[in-house]
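First the proteins, then the strands, lettered A, B, ... as listed; each starts at 1. Basis for what follows: all heavy atoms, side chains included, without hydrogens, waters or symmetry-related copies.
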Number of protein chains: 2
Amino acid sequence: MSSTTETRASVTVSDLARDSGVSASAVRFYEDSGLITAERTPGNQRRFTPGDACRIKVIRVAQRVGLSVHDIKTLLELLPETGEPTIEQWSALQKALVQETNKRVRELNLVLADLSSDTKLCALTPLT
Amino acid sequence: MSSTTETRASVTVSDLARDSGVSASAVRFYEDSGLITAERTPGNQRRFTPGDACRIKVIRVAQRVGLSVHDIKTLLELLPETGEPTIEQWSALQKALVQETNKRVRELNLVLADLSSDTKLCALTPLT
DNA sequence: GTTTGACTTCAACTTATGTTGAAGTTTTAG
DNA sequence: CTAAAACTTCAACATAAGTTGAAGTCAAAC
């Protein structure tokens, strides 16, 4: 009854880079930053799980939202440190990302409001 | 018939910093970056015009939109290099800022769309 | 078993947006 | 005039998010 999908470490740095759309150096950077984790071969090479590509895709979406690596690290604590996340965990993460996105949208709407109330942009020289 | 408002250089770095809400070092940085210009006293000290506080306020709004100093420099080319901008010039700038803001909002809306079409966040393991 | 292509670590470099501090000069108040 | 406050330039530091390259090690194919 063991799962057929091998989730154990088998993905190399460059595999993961290819699968997730970031560079190999970024993959290493994310591991150094604690956004992803890797097992090591006896020879000390990194081995990721297939699910890590998912994790990196989440990182990329979060970056589009405007979150920093530090913020993203916090967000990813919604997922388990080990093994595949449950649907519920993914949902919680998704929800958090949606909320962050809406926050940024609200900030931009404030900017639009400020831009419209002209005098806030800058007190225009009053017409004579 | 000369104007009563003295627009000629009379504002020091720290005056401008106070009036615009940024630090003195930021004021110098913006001048170095070409976002604002200053005349110099015989002793080589910077002297800004009162209108420069406006310019810096625009810079700050533009930063809230997410524009870089480089982008902002381009934007500010909508204003005259010298003297007070006309209402039309301010309007053009405001319009450009609104457009940029809307662009960012659209980008965030794309993120929201991606977040909603779950499989884009990451292909969730299909429920058995 | 050896070669070739990945992989490892680590330090230095990059861009952006400033801040901080040193050493020296101007301005201003008295 | 002179002393204090503010100004000048310039170089170094700070943080974010990586990239690049050197020197050495590992894995895979033949």
Side-chain angles (χ1 to χ4, degrees), chain A residues 6 8-49 52-53 55-76 100 104 107, chain B residues 6 8-49 52-53 55-76 100 104 111:
Chain A
E6 194 53 32
R8 284 302 158 202
S10 57
V11 181
T12 66
V13 166
S14 49
D15 286 343
L16 182 55
R18 179 180 22 73
D19 295 352
S20 63
V22 303
S23 67
S25 69
V27 168
R28 295 196 186 92
F29 174 73
Y30 294 149
E31 196 210 6
D32 289 348
S33 304
L35 300 188
I36 54 181
T37 57
E39 293 184 5
R40 295 291 178 136
T41 64
N44 196 40
Q45 294 194 358
R46 293 172 182 82
R47 288 298 180 268
F48 299 92
T49 63
D52 286 325
R55 233 176 135 94
I56 294 190
K57 283 176 187 168
V58 169
I59 293 169
R60 281 158 55 82
V61 171
Q63 286 181 325
R64 286 169 65 198
V65 177
L67 298 178
S68 67
V69 163
H70 182 80
D71 293 341
I72 296 172
K73 188 179 175 183
T74 301
L75 251 191
L76 288 175
E100 278 301 331
R104 310 281 158 156
E107 286 165 3
Chain B
E6 195 53 32
R8 282 303 158 203
S10 58
V11 180
T12 67
V13 166
S14 49
D15 286 343
L16 182 55
R18 177 179 25 71
D19 295 349
S20 63
V22 303
S23 66
S25 68
V27 168
R28 295 194 186 93
F29 173 74
Y30 294 150
E31 195 211 6
D32 289 347
S33 304
L35 299 189
I36 54 180
T37 56
E39 294 185 6
R40 296 291 179 137
T41 63
N44 196 39
Q45 294 194 359
R46 294 173 182 81
R47 287 299 180 268
F48 299 93
T49 63
D52 285 323
R55 235 177 133 95
I56 293 190
K57 285 176 186 168
V58 169
I59 291 169
R60 281 158 54 83
V61 171
Q63 285 180 326
R64 287 168 66 200
V65 177
L67 298 179
S68 68
V69 164
H70 182 80
D71 293 341
I72 297 173
K73 187 178 177 186
T74 301
L75 250 192
L76 288 175
E100 278 300 332
R104 310 278 157 161
V111 172

* Straight-line distance of Y30(B) OH to L16(B) CG, nearest 0.5 Å ->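 These two atoms lie 10.5 Å from each other.
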* Asked: Rounded to the nearest 0.5 Å, how far apart are CG of L67(A) and CD1 of I59(A)?
  ->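 If we round to the nearest 0.5 Å, L67(A):CG and I59(A):CD1 are 11.5 Å apart.
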* Between A24(B) and A26(A), which is nearer to the 5' end of DNA chain D once each is assigned its nearest nucleotide? ->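 Its nucleotide being nearer the 5' end, the pick is A24(B).
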* **Covered region of DNA chain D, 5' end to 3' end, by chain B [heavy atoms, under 4.0 Å]** =>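 Endpoints of the contacted stretch of DNA chain D: dA6(D) to dT9(D).
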Distance, rounded to the nearest Å, where [X] contributes [atom1] and [N] contributes [atom2]:
{"X": "I56(B)", "N": "dT17(C)", "atom1": "CD1", "atom2": "P", "result": "15 Å"}
{"X": "F29(A)", "N": "dC13(C)", "atom1": "CZ", "atom2": "C1'", "result": "15 Å"}
{"X": "E31(A)", "N": "dC7(C)", "atom1": "CD", "atom2": "P", "result": "13 Å"}
{"X": "R60(B)", "N": "dT17(C)", "atom1": "CZ", "atom2": "P", "result": "15 Å"}
{"X": "L16(A)", "N": "dA6(C)", "atom1": "CG", "atom2": "C1'", "result": "15 Å"}
{"X": "H70(B)", "N": "dG18(C)", "atom1": "NE2", "atom2": "C1'", "result": "18 Å"}
{"X": "R40(A)", "N": "dT8(C)", "atom1": "CZ", "atom2": "C1'", "result": "8 Å"}

* Within residues 62-76 of chain B or reaching into it, pairs that qualify as salt bridge (charged side-chain N to carboxylate O under 4.0 Å, His left out) - sequence neighbours excluded ->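 Residue pairs with at least one partner in residues 62-76 of chain B: D114(A)-R64(B).
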* N or O in side chain of T12(A) less than 4.0 angstrom from dC7(C) OP1/OP2 ->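 Yes, such a contact exists.
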* To do: Kindly say if Y30(B) contacts the phosphate of dT17(C), meaning a side-chain N or O under 4.0 Å from OP1 or OP2.
  =>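 Looking at the OP1 and OP2 atoms of dT17(C), neither is under 4.0 Å from any side-chain N or O of Y30(B).
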Would you check if the side chain of [X] reaches a backbone N or O of [Y] as a donor-acceptor pair within less than 3.5 Å?
{"X": "D15(B)", "Y": "T12(B)", "result": "yes"}
{"X": "R104(B)", "Y": "R104(A)", "result": "no"}
{"X": "R46(A)", "Y": "V11(A)", "result": "no"}
{"X": "R55(B)", "Y": "I36(B)", "result": "no"}
{"X": "T41(B)", "Y": "G43(B)", "result": "yes"}

Identify whether any heavy atom of [X] sits under 4.0 Å from a base atom; if not, whether one sits that close to sugar-phosphate; answer base, sugar-phosphate or nothing.
{"X": "S33(B)", "value": "nothing"}
{"X": "S25(A)", "value": "base"}
{"X": "R46(A)", "value": "sugar-phosphate"}

Set out, line by line, the N/O atom pairs under 3.5 Å between protein and nucleotides 24-28 of chain C.
from, atom 1, to, atom 2, distance (Å)
dT26(C), O4', Q45(B), NE2, 3.4
dT27(C), OP1, T41(B), OG1, 2.8
dT27(C), OP1, G43(B), N, 3.1

* **Full working for side chain to side chain contact (heavy atoms under 4.5 Å, CB included) between F29(B) and V22(B)** => CA-CA 11 Å; F29(B) 173 74; V22(B) 303; over 6 Å; no
